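Single-structure report; data block below.
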Protein chains: 2
Amino acid sequence: MSSTAHGARARARIEITAAIKEEARRQLAKEGAVKLSLRAVARELGMASSALYRYFPSRDDLLTALIIDAYDSLGAAAEAARDAAADVGPVRRWTAVCEGVRGWALGHPHEYALIYGTPVPGYTAPETTVPAAARSALVAIGILRDAHQGLGLAKPPLPAELRPEAVRMAADLAPDLPPEVVATMVAAWAQLFGLIGFELFGQFNRVVEDRDTFFRHAVGQLAHTVGLVYPQQGPVATPGGPAAESS
Amino acid sequence: MSSTAHGARARARIEITAAIKEEARRQLAKEGAVKLSLRAVARELGMASSALYRYFPSRDDLLTALIIDAYDSLGAAAEAARDAAADVGPVRRWTAVCEGVRGWALGHPHEYALIYGTPVPGYTAPETTVPAAARSALVAIGILRDAHQGLGLAKPPLPAELRPEAVRMAADLAPDLPPEVVATMVAAWAQLFGLIGFELFGQFNRVVEDRDTFFRHAVGQLAHTVGLVYPQQGPVATPGGPAAESS
DNA sequence: GGCAAAGCAAGAGCACTGCTCTCGTTTTTG
DNA sequence: CAAAAACGAGAGCAGTGCTCTTGCTTTGCC
């Protein structure tokens, strides 16, 4: 199928494509997506700007490629954090993954902004980004699955009106998990990126000082919200989440 | 002080300044911040582009003005939602404010992106935006204050390591509220914008369908997290450690 | 009043952008 | 080997933010 070989030209093509992405990623990391310039990339690579259009038909297509790579990079970071916390309890592993995601975001602010900030072009990310985007979220779902099959998972409260939606979401995302857990998990996942975004985009300036501690506490509460429970102890501030619920 | 008067020229200046902002806001709402063009604004107003620089020294300054207006508009929406829910319990009022914020965001997506999306220029929003940004958050704090002085407010758990930070935050934001509540509230506020951002920026596409219901449930849980309790459920079980009976 | 100073609008121009089109050249393919 | 496809480079178009200069109008001061 000519994944390699097939002439020297095909090889050169993927090499040049990679070089373009590399240089573009460098500019993205340094200046942000808004400042990323096709001409500057071409200039740095010593080629005419028009030649670049043989590889990416438009600036948005280049950005889309970078978006996919960023999702992938984030997903890898999440998986690494999970694997590094393989032998601790689900709550700590959840916290580790959240901190891994946050760490990646702090280390790659412009790439984070590219995927979770304002959509750059005329919206509508292409279909191809969907699987890449799911990768990090799948890590979180995996933790819940482990807990569900292992030590246990509390079922978060779920109002009746949300039940059909939760069932649908569970069928799509994790058929083996209780719908309550899946629905709550999706919300918690979004909330996680609220915390990260606020920190990264300056909303915590002059408000939150000790951000590491603050974040760890917040995602700890989030862990409780999604139903993760401490296997043994509870001396640290653990409860407070959704326990009773009447209205 | 001469807020008005002082010559016909001064009056013309504030009129033109307003017209520029108005046209800029229109373009912002239609095309987004990236597409906002000084030249297009000037063109639409029938003036030379260079003349516009007498009123806003740079594009970023225009954007900053729009940012402040957007914060203000959001704050007004939050206050309106609060006032419309003046005669219900704190949880419902909290939910109403959250839904008000979300409603504003859905109705003004580009303005929302301007203030809570990727920072446009070289970061560092000017000092002047801070009070405007605080306005909506103050509404949320006010609800907690009412609950604290009224029916009651559960103290969320707070690990010892976060206590100093929570005390500092409470001193800055709401000295009359327990530090646990303030710290948790700040986190919850950030998480709220995670939910909104995910919906607005397409992260919920093909994942969450019934978004109204989903959102209402999520902010209901958030209300519980910050310590708001349902009035008919009676007082909190234990002052130091919250209920969590059924886990 | 008169008059200098300050504020203002307009135009030209600079350096930059994304993108298109054309024109030779090189490589691949039938 | 020749036709076809891919490629690189250059010129060019329409657009951008921003600056500078040149006249004109409105202020504020004596």
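Lettering follows sequence order; numbering is per chain, from 1. Values below: every heavy atom of this structure, side chains too, minus hydrogens, waters and symmetry copies. Source: prediction; values computed, not measured.
- Contact check, A:Tyr53 against D:dG8: no side-chain N or O comes under 4.0 Å of OP1 or OP2.
- Looking only at distances, a side-chain donor or acceptor of B:Thr225 sits under 3.5 Å from a matching main-chain atom of B:Gln221.
- Among the nucleotides C:dC19, D:dT26, D:dT16, the one closest to the side chain of A:Ser49 is C:dC19.
- Listed by first and then second residue, the ring pair (Phe, Tyr, Trp, His ring centres under 6.0 Å) pairs that reach into residues 182-208 of chain A are A:Tyr116-A:Phe193, A:Trp189-A:Phe193, A:Phe193-B:Phe198, A:Phe198-A:Phe204, A:Phe198-B:Tyr116, A:Phe198-B:Phe193, A:Phe204-A:Phe214, sequence neighbours excluded.
- No hydrogens or angles considered: nothing links the side chains of B:Thr64 and B:Asp61 as a donor-acceptor pair under 3.5 Å.
- Close to D:dT25, at under 4.0 Å from its OP1 or OP2, lies no side-chain N or O of B:Arg54.
- As judged by a 4.0 angstrom heavy-atom cut-off over every strand, A:Ile16 is placed among residues touching the sugar-phosphate backbone only.
- Across the protein-nucleic acid pair, B:Leu36 atom CG and C:dT17 atom P stand 20 Å apart, rounded to whole Å.
- Only at 4.0 angstrom or more do the heavy atoms of residues 18-25 of chain A sit from any atom of DNA chain C, so none qualifies.
- For the pair B:Arg59 and D:dG17, the criterion of a side-chain N or O lying under 4.0 Å from OP1 or OP2 is met.
- Checking the phosphate oxygens (OP1, OP2) of C:dG11, no side-chain nitrogen or oxygen of B:Ser50 falls inside 4.0 Å.
- A close approach under 4.0 Å does occur between a side-chain nitrogen or oxygen of A:Arg43 and OP1 or OP2 of C:dT17.
- The closest donor-acceptor contact from the side chain of A:His108 to the backbone of A:Trp104 lies under 3.5 Å.
- In this structure, A:Arg39 does not reach the C:dC16 phosphate: none of its side-chain N or O atoms is under 4.0 Å from OP1 or OP2.
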